[in-house]
**Student:** 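Mind looking over this structure? Questions follow.
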Amino acid sequence: MSNPNLISSLKAVVGEKYVLTRESRTAYYRSGFRSGFGGAAAVVFPATLLEQWQVLQACVDANCAIIMQATKTGLTEGSCPSGFDYDRDVVVINVTRIKKIILLDGGKQVLAFPGATLHELEKVLKPLGRAPHSVIGSTTIGATIVGGIANNAGGALCKRGSSYTELSLFGQVNEDGKLNLVDHLGIKNLGDTPKEIFARLEKGDIPVEDLEGFDMLASDRGYGDRIRDLDAEVPNRYNADPERLFEVSGSAGKVAAFAVRVDTYPVAERKQVFMLGSDDPEDFAILRKHILTQFKDLPDMCEYMNRGIFDTAERYGKDVFLSIKHLGTEKLPKAYALKSSAEYFLNKIPFLPKFLPDLFLYYVSRLFPQHLPKRLLEYRDRFEYYLILSMSDGGIDEARTYLEEEWGKIDGVDFFECNEEEQQAALLHRFAAAGAAIRYQNLNQKTTEEVLALDIALLGHDAEWVEELPEDITEHLDLALYYGHFMCHVFHQDYIFRKGTDTEAMKKKMLEFLDAKGAKYPAEHNVGHMYEADSTLEDFYESLDPTNTFNPGIGKTSKRRRVEFT
């Protein structure tokens with residue numbers, strides 16, 4: 001399908017250069033970060049809030065399906081088209097050119113436009129001695145502030161939980177098919193029309209006396225209390241939590257965000273990372289219970305890895321580790337986009353192996369010397385399970401005392417305080433783990449199926465947090481990798497099955513097992529096109545988008561326009 005009048009209208013708004021229609025030019029934007037692919041009539045790149053509004057209006061007038069997209073760091077295919085079976089033209093609106101960040105009240109809060117990234121926010125806040133509301137793995141590769149909020153992105157911070165705000169400005173298509181601008185930013189004197197509001201925001205000067213809405217949340221401020229509640233009947237964070245679904249927050253692109261208002265936090269004066277090892281999962285359960293019930297100060301982070309993911313990340317995530325360490329994070333988003341674009345073209349050449357750039361990076365990384373410090377490798381050899389415990393300020397002495405006087409005296413455990421090099425390496429290694437399964441599968445694509453990645457939240461009191469799979473699953477497994485946010489009881493579980501395995505059947509068995517123990521999934525990546533939205537999410541999506549204009553099919557819902565509302 002194509003609509004020449006629509007394409008002309010879009011070009012009139014943003015310029016011909018910023019409307020892509022040729023398949024080879026749009027392919028990257030029609031694909032997900034790990035998987036997913038579909039069709040679109042155009043990919044459009046507005047440069048201002050007003051252009052974004054005008055593009056939306058043209059698409060609504062043309063009866064299009066609209067997919068809002070930023071840097072595509074989501075892992076569940078939610079920011080790209082899914083297949084070619086939509087009942088109308090699909091337009092992808094990529095907002096990465098709209099990047100403004102406005103400091104509010106001296107930086108205690110910020111107003112972020114839709115393309116502004118967490119990495120950019122970190123840079124803006126650093127001179128002020130403040131930090132973002134959220135720190136997630138994909139910060140390094142360009143994750144946006146709005147994207148994190150729309151997808152309940154959780155990240156590793158024990159004190160702050162998932163990305164969340166109740167203060168936002170967004171476009172919504174109502175039951176009559178009309179595009180409306182909803183202003184819930186809590187800022188006085190913005191104007192009465194979209195054009196006036198956008199012009200005021202683009203100027204960026206918002207005095208503190210114009211700020212209202214302080215009774216509304218601009219981050220998940222109650223998470224520190226929830227994580228301590230070990231007897232709760234539901235996990236402390238998961239995507240379908242009705243308490244964390246509010247307008248843009250958790251919307252999964254069912255509205256078009258123009259701006260969000262979020263909290264920032266003071267940077268800690270001191271930080272210390274501890275490396276812990278054990279062969280018995282119960283040892284870590286004892287530590288977790290003590291910290292969450294007895295510590296005055298929660299950890300900043302507490303990341304879990306088992307030996308399988310440690311080894312796999314050491315070998316197959318080495319290039320990611322080295323890139324971040326030596327090149328920094330500034331150039332990584334563009335590098336990932338370039339790699340994906342190259343893969344698209346190379347994958348079309350029949351005699352070449354799939355994902356050739358990935359294979360090239362792997363083999364180049366093998367030429368470099370060992371990148372992990374000696375003590376980390378010694379712990380890998382000694383123990384099956386590891387924790388990377390990061391404390392700050394007063395919590396450092398609290399953790400040191402407990403580890404030295406109590407936990408460290410348990411038979412079979414050990415810990416050490418990381419020096420600066422070890423601290424950086426431990427955290428980078430944990431980050432590199434997130435893509436290690438994909439790299440392993442790419443290197444073994446002839447003998448394995450695509451990675452089955454589960455993102456789960458366990459109950460706070462679940463003692464069986466280390467999974468034991470039945471034989472009818474393990475007999476088909478090539479590799480199972482486990483890592484996650486230990487204090488939050490949010491785990492990432494990557495499974496690679498041997499070629500010929502029915503991975504959908506395996507996934508069904510695993511999800512049935514998780515259902516039986518009260519786990520929730522996905523925990524922090526949103527449903528995308530890989531999980532089925534439960535009734536809570538489906539009702540929330542429909543309330544936001546009654547005509548099914550935005551991101552149709554998300555959560556395995558219908559892709560068809562709801563004709564009864566037109």
Side-chain angles (χ1 to χ4, degrees), residues 131 135 155-161 222-232 235-237 265-307 310 373 375-376 378-380 382-427 429-430 458-466 482-491:
V135 175
L157 297 182
C158 298
K159 300 174 183 178
R160 300 179 208 168
Y223 186 72
D225 294 327
R226 290 205 313 281
I227 195 177
R228 291 184 185 270
D229 184 3
L230 299 181
D231 297 320
N236 54 66
R237 60 175 159 103
Y265 289 82
V267 171
E269 294 181 8
R270 296 184 298 137
K271 289 187 176 182
Q272 179 61 54
V273 170
F274 300 84
M275 187 75 182
L276 288 68
S278 174
D279 285 328
D280 186 350
E282 178 60 22
D283 295 334
F284 286 163
I286 291 170
L287 174 134
R288 179 175 181 270
K289 183 176 181 180
H290 182 91
I291 288 178
L292 293 181
T293 59
Q294 303 299 320
F295 272 29
K296 177 183 176 182
D297 294 305
L298 286 171
D300 290 357
M301 294 186 290
C302 187
E303 295 298 285
Y304 163 73
M305 302 175 75
N306 73 346
R307 183 181 285 152
F310 190 109
R375 285 204 291 182
L376 294 185
E378 288 175 348
Y379 261 47
R380 182 271 311 279
R382 288 177 60 191
F383 301 109
E384 179 68 25
Y385 310 110
Y386 325 96
L387 290 183
I388 304 167
L389 176 64
S390 177
M391 305 297 299
S392 61
D393 297 335
I396 297 173
D397 291 335
E398 195 171 20
R400 182 181 293 128
T401 299
Y402 171 66
L403 291 173
E404 289 177 349
E405 297 182 1
E406 295 187 50
W407 189 84
K409 294 182 178 180
I410 297 173
D411 288 340
V413 308
D414 205 352
F415 75 94
F416 66 87
E417 295 189 31
C418 296
N419 60 33
E420 196 160 323
E421 179 195 7
E422 291 165 340
Q423 173 176 310
Q424 181 193 37
L427 295 174
H429 189 55
R430 166 61 184 87
L458 299 180
L459 291 170
H461 55 78
D462 192 336
E464 297 179 356
W465 61 273
V466 172
Y482 299 90
Y483 52 103
H485 316 305
F486 185 63
M487 292 293 158
C488 306
H489 253 201
V490 168
F491 295 92

**Student:** Working to the nearest 0.5 angstrom, can you tell me the gap between L458 CG and F486 CZ?
**Tutor:** 10.0 Å

**Student:** Considering all heavy atoms of both residues, which atom of M487 and which atom of C158 are nearest to each other, and what is their separation?
**Tutor:** CB-SG, 3.8 Å

**Student:** Would you confirm whether W407, through its side chain, and D283, through its main-chain N or O, come within 3.5 Å as a donor-acceptor pair?
**Tutor:** yes

**Student:** Are the side chains of R375 and M275 in contact, using a 4.5 Å heavy-atom criterion?
**Tutor:** no

**Student:** Do other residues, nucleotides or ligands put more than 12 heavy atoms under 6.0 Å from the NZ atom of K271?
**Tutor:** no

**Student:** What class does the angle between the rings of F295 and Y402 fall in, given that below 30° is parallel, 30 to 60° is tilted and above 60° is perpendicular?
**Tutor:** perpendicular

**Student:** Quick one: does E421's side chain have a donor or acceptor within less than 3.5 Å of a partner on P373's backbone?
**Tutor:** no

**Student:** Kindly compute the distance separating CD1 (I227) from CG (L298), expressed to the nearest 0.5 Å.
**Tutor:** 6.0 Å

**Student:** Specify the closest pair of heavy atoms between P299 and I291, including all atoms of both residues, with the distance to one decimal.
**Tutor:** CD-CG2, 3.7 Å

**Student:** Just by distance, do the side chain of D393 and the backbone of A268 share a donor-acceptor pair under 3.5 Å?
**Tutor:** no

**Student:** Just so I know, are the side chains of L403 and L276 near enough to count as touching, which here means a heavy-atom distance under 4.5 Å?
**Tutor:** yes

**Student:** First locate atom NE2 of H290, then atom CD of E406, and finally report the distance between them rounded to the nearest 0.5 Å.
**Tutor:** 5.0 Å

**Student:** Tell me the closest heavy-atom pair linking K159 and S392, and the distance in Å.
**Tutor:** NZ-OG, 3.6 Å

**Student:** Does the R307 side chain pair with the main chain of R380, one donor and one acceptor, at a distance under 3.5 Å?
**Tutor:** yes

**Student:** Please report the interatomic distance CZ(R430) to CG(L387), rounded to the nearest 0.5 Å.
**Tutor:** 11.5 Å

**Student:** Going by atom types alone, do R237 and Y223 pair a side-chain donor with an acceptor below 3.5 Å?
**Tutor:** yes

**Student:** Do H429 and I388 make a side-chain contact, defined as non-hydrogen atoms from C-beta onward lying under 4.5 Å apart?
**Tutor:** no

**Student:** Please report the shortest heavy-atom distance between C418 and Q272, naming the atom on each side.
**Tutor:** O-NE2, 2.9 Å

**Student:** Okay, side chain of E422, backbone of F274: is any donor-acceptor separation there less than 3.5 Å?
**Tutor:** no

**Student:** Check whether any side-chain heavy atom of D229 lies under 4.5 Å from a side-chain heavy atom of N236, and answer yes or no.
**Tutor:** no

**Student:** Would you check if V413 and Y385 make a side-chain contact, meaning some heavy-atom pair closer than 4.5 Å?
**Tutor:** no

**Student:** Are the side chain of H461 and the backbone of D231 linked by a donor-acceptor contact shorter than 3.5 Å?
**Tutor:** no

**Student:** In Å, rounded to the nearest 0.5 Å, how long is the span from CG of L389 to CZ of R288?
**Tutor:** 13.0 Å

**Student:** Can you tell me how far CG of D411 sits from NZ of K409, rounded to the nearest 0.5 angstrom?
**Tutor:** 12.0 Å

**Student:** Decide, yes or no, whether a salt bridge links D397 with R400 under the criterion of side-chain N to carboxylate O below 4.0 Å.
**Tutor:** yes

**Student:** To check you understand the geometry: which heavy-atom pair defines the closest contact between A399 and M391, and what is its length?
**Tutor:** CB-CG, 3.6 Å

**Student:** Quick check, are the ring centers of Y379 and F310 under 6.0 angstrom apart?
**Tutor:** no

**Student:** Looking at M301 and L427, what are the two nearest heavy atoms and their distance?
**Tutor:** CE-CD2, 3.8 Å

**Student:** What I'd like to find out is whether the side chain of Y386 reaches to under 4.5 Å of the side chain of L376, using heavy atoms alone.
**Tutor:** no

**Student:** A side-chain contact here means heavy atoms from C-beta on lying under 4.5 Å apart; do F491 and Y304 qualify?
**Tutor:** yes

